[in-house]
Amino acid sequence: IKQKNAKKVLVVGSGYIGLELCEALTALNCEVILIEKELLPMPSTESKIRNKIKDLLAEKGIEFYGGIASPKFYFGEENVKSIEIDGWHK
């Protein structure tokens, strides 16, 4: 992250590892976008907890997008330049 001077980071998957990664990247002052194929983060837990995690992500400034089944990635030389989700680019 520091070597590439990354300011915006996309994390795919909101299980334990994805959530931990989001927290670490936020601590490094990165803008974090988290995408998940399920509608809510942390698919392995109950819905009440999943909703709370979604709220906490928003409080920490992490953009969460759920229900993303087939994202399309556009690559630069060494990184993802943009992502397309249902015709929408981020």
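The shown structure was predicted, so the numbers you read here are calculated from the model rather than taken from an experiment.
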Locate the shortest heavy-atom distance separating C22 from I62; write the atom from each residue and the value.
-> CB-CD1, 3.8 Å
Closest non-hydrogen contact found for Y16 with S44 is CE1-OG, 4.5 Å
With a 4.5 Å limit on heavy-atom distance, are the side chains of P43 and K37 in contact?
-> no
Separation of K8 NZ from C30 SG (nearest 0.5 Å) | 11.5 Å
Would you kindly confirm whether F75 and I33 end up in one hydrophobic cluster when ILVMFWY residues are joined by side chain heavy atoms under 4.5 Å apart?
-> yes
Check whether any side-chain heavy atom of L10 lies under 4.5 Å from a side-chain heavy atom of I35, and answer yes or no.
-> yes
State, to 0.1 Å, how close V12 and F73 come at their nearest heavy-atom pair, and which atoms those are.
-> CG2-CZ, 4.1 Å
Is the closest side-chain heavy-atom distance between L34 and L19 below 4.5 Å?
-> yes
Only pairs under 3.5 Å count here: list side-chain donor-acceptor contacts from residues 51-60, not counting sequence neighbours, and write none if there are none.
{"from": "N51", "atom 1": "ND2", "to": "S47", "atom 2": "O", "distance (Å)": "3.0"}

Hydrophobic cluster membership, I68 vs V80, 4.5 Å side-chain cutoff = yes
Polar side chain donor-acceptor pair, E84 to Y74, under 3.5 angstrom = yes
Distance col, row E36:CD vs Y65:OH, nearest 0.5 angstrom, shows 15.0 Å
So, does S14 use its side chain to make a donor-acceptor pair with the main chain of M42 at under 3.5 Å?
-> yes
Would you say E38's side chain and L40's backbone share a donor-acceptor pair under 3.5 angstrom?
-> no
Any side-chain heavy-atom pair from K81 and N79 closer than 4.5 angstrom?
-> yes
